[in-house]
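Some notes on the structure that comes next.
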Amino acid sequence: MERKHQVGRKNGSWNCLLLLMILLIFTVVCINLVLYVYLEHVYVSTGFSHGDPNVCPQGYFKIGAMKNCSPWLTCEALEKEVRKLKLVGEGAVKKVYLSEWKEMKVALSQLTVPSLQADFLHGLRMLKSLQSRHVVTLVGYCEDNSILTEYHPLGSLKNLDATFNLPKYQYLNTWQNRLELAIDYVSIICYLHSSPLGVLVMCDSNDLDKVLSQYLLTSDFHLVANDLDALPLVDRENGRLVKCGPREITGDFVAPEQLWPYGLDVEFNDDLMPPYDEKTDIWKIPAVTDYLLGHVEGSDIVRFHLFDIHTECKKENPAMRPSAQTILDTYRRVLALLLKELSNSKEML
């Protein structure tokens with residue numbers, strides 16, 4: 001009799017366990033179903049290819065409908081073949097004109113302050129040396145005062161929300177496309193930190209607006225670095241770090257090591273200001289990505305998955321912050337994970 005009761009208790013335990021397993025499976029299915037419906041609702045692919053474009057050899061360019069690469073335009077060609085249309089931008093160093101070359105739109109940058117020619121020429125050297133899918137295409141130059149580059153009508157990243165609000169682009173305003181823009185941005189930082197010239201720091205980045213103005217949005221919704229006037233080199237082997245200009249930097253956007261460390265009682269002196277390295281760029285990545293993600297449906301899910309890596313970016317000790325490559329790998333894993341969840345949920349329907 002007692003043995004029958006033991007068998008009954010065992011059967012009851014197995015029944016409870018089986019019931020719990022069924023409930024667990026049902027819960028997982030429901031979660032995946034909800035996730036699928038949610039992500040399916042907010043996911044729209046751009047339909048654009050995200051592979052590397054056909055970059056021309058050094059000293060050559062290809063823009064617009066060009067089928068073959070052509071040599072960079074010379075001073076003579078710029079004077080004879082390029083026609084200014086209108087002023088579209090102006091900064092401390094140069095003015096930028098929408099121009100036309102062989103019925104294609106180009107951007108003509110011209111030096112406006114002769115005393116800043118060194119900055120202008122530094123930007124030109126960077127453009128020439130860093131030509132890749134990460135950098136705006138150089139079309140030609142005249143070392144005295146002119147640089148000709150590919151024109152991108154969507155403008156800088158400062159116009160991103162306004163661009164997405166245009167009726168023709170509203171369908172692209174999704175968490176996935178915004179995350180891919182963030183991946184482009186971190187890819188550029190990663191490229192600069194491992195460039196052919198060495199480790200370069202993006203110094204024109206003391207506030208969010210300044211950072212956004214350094215990048216152009218292409219017609220196929222990628223990013224390219226545009227303004228390369230301030231890219232100092234970190235050379236650890238020779239003990240060379242950088243400082244982003246001789247003036248005091250303030251504000252909570254910049255990295256802590258960029259701030260004057262001796263308090264308000266000590267007047268700023270550039271000679272006493274400690275130099276720093278490329279980890280200043282890492283500190284700023286979470287703020288830029290937060291802007292890029294915007295407030296579309298699904299963006300909070302992305303932020304949740306990026307929380308840990310962004311916390312690492314904000315470490316006070318620069319040496320404890322991750323590399324740009326580590327952040328890029330994380331961003332790509334998050335995108336792949338969310339798309340896999342979307343795909344798996346779709347298969348279960």
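In this text, all values refer to a predicted model and were calculated from it rather than measured experimentally.
- Leu154 and Leu212 fall within a single hydrophobic cluster, where Ile, Leu, Val, Met, Phe, Trp and Tyr side chains are chained together by heavy-atom contacts under 4.5 Å.
- Classification of Asp270 and Arg247 as a salt-bridged pair fails, no side-chain N sitting under 4.0 Å from a carboxylate O.
- Between the side chain of Arg83 and the backbone N or O of Glu100 there is no donor-acceptor pair closer than 3.5 Å.
- The minimum heavy-atom distance linking Val201 with Glu278 is given by the pair CG2-CA, 3.7 Å.
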Decide side-chain contact (heavy atoms from CB on, under 4.5 Å) for Asn159 and Leu217; before the verdict, give the C-alpha distance in whole Å, the side-chain angles of both, and the deciding distance to 0.1 Å.
CA-CA 9 Å; Asn159 303 325; Leu217 182 64; over 6 Å; no
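- Residues Arg125 and Glu143 are not paired through a salt bridge, judged by the lack of any N-O separation under 4.0 Å between the basic side chain and the carboxylate.
- Residues Trp175 and Phe304 place their aromatic rings such that the two centres sit no closer than 6.0 Å.
- Residues Leu241 and Met320 are members of separate hydrophobic clusters, defined by side-chain heavy-atom contacts under 4.5 angstrom among Ile, Leu, Val, Met, Phe, Trp and Tyr.
- Between Ala324 and Cys190, the closest heavy-atom pair is CB-CA, 3.7 Å.
- We find that Lys94 and Asp227 are joined by a salt bridge, their nearest charged nitrogen and carboxylate oxygen being less than 4.0 Å apart.
- Side-chain atoms of Ser299 come within 3.5 Å of backbone atoms of Val296 as a donor-acceptor pair (strictly under, hydrogens ignored).
- Aromatic ring centres of Phe120 and Tyr141: separated by at least 6.0 Å.
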For the pair Thr250 and Glu248, evaluate side-chain contact (heavy atoms from CB on, under 4.5 Å) and give the outcome as yes or no after the intermediate values.
CA-CA 7 Å; Thr250 60; Glu248 182 177 4; 4.2 Å; yes
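- Residue Asn165 places its CG atom among more than 12 non-hydrogen atoms of other residues, nucleotides or ligands, all under 6.0 Å distant.
- The existence of a salt bridge linking Arg321 and Glu257 is confirmed by a sub-4.0 Å separation between a basic side-chain nitrogen and an acidic carboxylate oxygen.
- The pair Asp207-Lys284 fails the salt-bridge criterion, with no side-chain N (NZ, NE, NH1 or NH2) lying under 4.0 Å from an Asp/Glu carboxylate O.
- For the residue pair Gly251 and Leu259, the shortest heavy atom distance occurs at O-CD2, 3.7 Å.
- Less than 6.0 angstrom separates the ring centroid of Tyr169 from the ring centroid of Phe221.
- Here the shortest heavy-atom pairing between Tyr191 and Gln131 reads OH-O, 4.4 Å.
- Put simply, Val106 and Tyr60 are part of two different groups of oily side chains (I, L, V, M, F, W, Y) that touch within less than 4.5 Å, one to the next.
- Without hydrogens or angle criteria, Gln117 side chain to Asp144 main chain gives a donor-acceptor distance under 3.5 Å.
- Val302 and Leu338 make their closest contact through CG2-CD1, 3.8 Å (heavy atoms, listed as atom of the first residue, atom of the second, distance).
- When every heavy atom of Tyr291 is checked against every heavy atom of Lys158, the shortest pair comes out as OH-O, 3.6 Å.
- A single hydrophobic cluster is seen to contain both Leu172 and Leu293, as judged by linkage of ILVMFWY side chains at heavy-atom distances under 4.5 Å, directly or through other members.
- In the hydrophobic cluster analysis, where Ile, Leu, Val, Met, Phe, Trp and Tyr join through side-chain heavy atoms closer than 4.5 angstrom, Ile147 is grouped apart from Leu85.
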Full working for salt bridge (charged side-chain N to carboxylate O under 4.0 Å, His left out) between Asp277 and Arg240:
CA-CA 9 Å; Asp277 62 17; Arg240 179 183 174 185; over 6 Å; no
